[in-house]
Amino acid sequence: MRWSNLFIPTLRDAPADAEAASHKLLIQGGFIRQLHAGHYSLLPLGLKVHEKVAAIVRDEMNGIGGQEFLLPGMHPASIWKKSGRWDVMGDEMFRVIDRKGAENALGMTHEEIFTDLALEITSYKSIPQIWYQIQWKFRDEPRPKSGLLRVREFAMKDSYSFDIDEAGLDKNFDLHHHAYVRIFKALGLPAMPVEASSGAMGGSGSTEFMVPSPAGEDDVVHCPNCDYAANVERATSALPAIEDRDLPELTRFPTPGVRTIAALEQVDGGAPADQQIKTMVMVLDGAITLALVRGDHKLNLQKLQDHSGAIEIRPATPEEALEHLGASPGSLGAVQVQGLRIIADPALQGRAGLTTGANEDDWHWTGVDVARDIAVDEWADLREVGAGESCTTCATALVVTRCIEAGHIFKLGTQYAEVLGAHVLDPDGTKRTLVMGSYGIGIGRGMAAAAETHHDDNGLIWPLSIAPYEAVVTVVSMKDEASVAAGEELYKGLRQSGIDVLLDDRDARAGVKFADAELIGIPYRVTIGPKTLADGEVEFTPRASGETSRVAIDAVVDQLAAAIIAKR
RNA sequence: CGGGACGUGGCGCAGCUCGGUAGCGCACCUGCUUUGGGAGCAGGGGGUCGGGAGUUCAAAUCUCCCCGUCCCGACCA
């Protein structure tokens, strides 16, 4: 394409309210424009990148035997009610009423709809199936942010596998896992597979593909020595044993003004944080619940949600705490509490001589023996792992890294097939429920993650695989006829070699052209100007290194074609 | 949903405290000069000041309500 004919509205300044690098650069480079919060228009340059990302994903899905579909974006409420997720999805689901007064959902994922189609799989002979689509999802996110990283409307590649047993599911899960590794490598994303929480998808297990970036929204715990890596929502670590204090008597003691773990460490009769019980009063689907962790530990809400199966989860208000426990936050505890669900972290199991709130303002207990004094209903891993704790398999200090979730794959099992009635007959003529997996990659998010990963002070540095153009021919002066003619010739030659090339034929100053080419991140630049043309040469500048070399004009097409084709 | 910031030509901002006829930079149009790293001079076009109500002779400016955006926390590709 010729730059003079393209709509590439680059901006001299990055938008002031953007924070994330990808957000700034995609807007500044003329790739995207915001319509409103969480909704972006893809401009011609942005669409080219988006389509290249989609093409890579599509190739790999086809490579593992995936069949491409395209399903509706709007669904009748009935199918979501049938699966139970009409309620589970809550405010995150866009709902629209049609002229007949019927409820509809804008699709936020497609397990239900694909499963509905899978009702027509009737025999084990048709198994396995991998079905996928690249299609728009709508999610009423509580907080859209960071440009394309978190939006309310986005293209997702979602695929679904159908098997007759767990072994089949495992195989398809692995196929997807490996396909995802190849996809992220091709996108230039250093994604690491990590153990994850399944959230609203349910199922028996899931793996996220995480790209390290300060713009991310998840923390990943990983071991620099062995393979262990998990989302903090799921991660565990080894804890050194703690020696209990010898305080056999349950004793109340006054703690005027003490409201925090730290203050309780200092006060007379107090205790170090690891000898305390932290009592978090939570509301799980409307029910007051006590979540207990060791005083120096942090409660991870997702872990609590996963364990409890609650849909809505929030900390109780001070008023609710007062009503149910008789004291305000800072003096709360679970000792001798009855009639409330109590979930405790295993780090408290068997502990004694502990200190905790006495459910009366300005009073605490000491000498608490968990087994004796607290009616724990359930033990569950609730504790959030911190950096520096020990790996459970190799004892190495764990590292915590902020990451973007670029992909997520789930072992769903039979839950959807069961409620929607997707069964097949096996060789014995026995009815079997389909065992499903579902697998997602956000296309725009992948594009933004690549922008986060590949940029410098001058702009984007797209990986060749997803660059909007592979090369740009920059004609330094459109007034110089020889340059213009050479540029046209080169443009033609590169196109004939199958290279996706952009000709910068704008009547602009050289500085503007160079700056724009760098901002939009074209991997290779060929500069044609009177300075070198007199010697029969042009300049060749890879975006990543910025190092310019002179090349004979007759050789440049072959050289560039060789470089690009070798890297494809 | 809680906390903070903000909304003024296409983009970035000033003006608001103390009400008085809307301004700057970039971009855009015309001309001349310039031309290898975001040119210079001259001339020019373009704004319901987020919306509504109120106070006032007079509102971008003061008051109230609403809407929207961004950032920080609880949610997910």
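Just so it is clear: chains get the letters A, B, ... in the order the sequence lines come, proteins before strands, and each one is counted from 1. None of the values given here were measured: they were computed from a predicted structure.
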Is it true that E537(A) and R550(A) make a salt bridge, defined as a side-chain N closer than 4.0 Å to a carboxylate O?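 Between R550(A) and E537(A) there is a salt bridge, with a charged N closer than 4.0 Å to a carboxylate O.
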Which whole-number value in Å describes the distance from R12(A) CZ to C13(B) P?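 Distance check: R12(A) CZ to C13(B) P gives 16 Å.
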Using the benzene-type ring in the case of Trp, are the ring centres of H177(A) and F209(A) under 6.0 Å apart?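 Aromatic pair counts; centres sit under 6.0 Å.
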What integer number of Å spans the [atom1] atoms of [N] and [M]?
| N | M | atom1 | answer |
| --- | --- | --- | --- |
| G4(B) | U61(B) | P | 23 Å |
| C75(B) | C66(B) | C1' | 27 Å |
| A60(B) | G3(B) | P | 31 Å |
| C67(B) | C24(B) | P | 36 Å |
| C6(B) | G52(B) | P | 23 Å |
| C57(B) | U21(B) | C1' | 14 Å |
| G9(B) | C28(B) | C1' | 11 Å |
| G19(B) | U56(B) | C1' | 9 Å |

Excluding sequence neighbours, so at least two apart, what forms ring-ring contact (aromatic ring centres under 6.0 Å, His included) with H408(A)?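 Scan of H408(A) (ring-ring contact (aromatic ring centres under 6.0 Å, His included), adjacent residues dropped) gives F410(A).
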For the residue pair R402(A) and P214(A), establish whether any side-chain heavy-atom pair is separated by less than 4.5 Å.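 R402(A) does not reach P214(A) side chain to side chain.
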Close approaches to RNA chain B from [range], in residue order (heavy atom, under 4.0 Å):
| range | result |
| --- | --- |
| residues 53-73 of chain A | none |
| residues 304-324 of chain A | none |
| residues 530-543 of chain A | P530(A), K531(A), T532(A), E539(A) |
| residues 507-521 of chain A | R509(A), A510(A), G511(A), V512(A), F514(A), A515(A), D516(A), E518(A) |

Among the candidates C71(B), A77(B), A74(B), find the nucleotide nearest to the side-chain atoms of F410(A).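 Selected nucleotide (nearest to the side chain): A77(B).
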Qualifying residues under side chain to side chain contact (heavy atoms under 4.5 Å, CB included), relative to E92(A), sequence neighbours excluded: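 E92(A) satisfies side chain to side chain contact (heavy atoms under 4.5 Å, CB included) with M108(A), R139(A), E141(A), P142(A) only.
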List for me each residue that meets side chain to side chain contact (heavy atoms under 4.5 Å, CB included) alongside L301(A), sequence neighbours excluded, and say none if there are none.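 Scan of L301(A) (side chain to side chain contact (heavy atoms under 4.5 Å, CB included), adjacent residues dropped) gives M282(A), L299(A).
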What's the shortest heavy-atom distance between [X] and [Y], and which atoms?
| X | Y | answer |
| --- | --- | --- |
| P468(A) | L45(A) | CB-CD1, 3.7 Å |
| F162(A) | A118(A) | CE2-CB, 3.5 Å |
| Q28(A) | A14(A) | OE1-CB, 3.5 Å |
| E547(A) | P542(A) | O-CD, 3.3 Å |

Aromatic rings Y439(A) and H176(A): how do their planes relate, parallel, tilted or perpendicular, breaks at 30° and 60°?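 Taking H176(A) first and then Y439(A), their aromatic rings lie parallel (interplane angle under 30°).
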Between Y524(A) and F540(A), what is the ring plane arrangement, given parallel below 30°, perpendicular above 60°, and tilted in between?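 Y524(A) vs F540(A) ring planes: parallel.
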Regarding [X], tell me which of base, sugar-phosphate or nothing describes its non-hydrogen contacts under 4.0 Å with the strands shown.
| X | answer |
| --- | --- |
| R550(A) | nothing |
| D158(A) | nothing |
| S206(A) | nothing |
| E141(A) | base |

List the residues meeting side-chain hydrogen bond (donor to acceptor under 3.5 Å, both in side chains) with E51(A), not counting sequence neighbours, and say none if there are none.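 By the side-chain hydrogen bond (donor to acceptor under 3.5 Å, both in side chains) rule, E51(A) matches no residue at all.
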Among residues at least two apart in sequence or on other chains, which ones pass side-chain hydrogen bond (donor to acceptor under 3.5 Å, both in side chains) with T109(A)?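 Result, side-chain hydrogen bond (donor to acceptor under 3.5 Å, both in side chains) vs T109(A): E111(A).
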Pairs touching residues 9-37 of chain A that satisfy salt bridge (Lys or Arg N to Asp or Glu O under 4.0 Å), sequence neighbours left out: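 Every pair satisfying salt bridge (Lys or Arg N to Asp or Glu O under 4.0 Å) with a residue in residues 9-37 of chain A: there are none.
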Taking OP1 and OP2 of [N], is either one under 4.0 Å from a side-chain nitrogen or oxygen of [X]?
| X | N | result |
| --- | --- | --- |
| K145(A) | C75(B) | no |
| Q34(A) | C70(B) | yes |
| H36(A) | G68(B) | no |

Decide yes or no, distance alone: a donor-acceptor N/O pair under 3.5 angstrom between the base of C76(B) and the side-chain of D218(A).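 Between C76(B) and D218(A), which were checked side chain against base, a qualifying N/O pair under 3.5 Å is present.
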Please write out each protein N/O paired with an N/O of nucleotides 46-51 of chain B under 3.5 Å, distance rounded to 0.1 Å.
none

Position toward the 5' end of RNA chain B (nearest nucleotide), G38(A) or D13(A):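 Mapping each residue to its closest nucleotide by heavy atoms, the 5'-most match is D13(A).
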5' priority, RNA chain B, between G529(A) and G407(A) [closest heavy atom]: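 In this pair, the answer is G529(A).
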Can you tell me the base-pairing partner of C57(B)? Count Watson-Crick or G-U wobble geometry only, both distances below 3.5 Å, and say none if there is no partner.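 Its partner is G20(B).
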Please enumerate all protein N or O atoms sitting under 3.5 Å from an N or O of nucleotides 1-9 of chain B, with distances to 0.1 Å.
none

R85(A) charged N/C atom sitting above W80(A) aromatic ring, 6.0 Å / 45°: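 The answer is no, since R85(A) fails at least one limit relative to W80(A).
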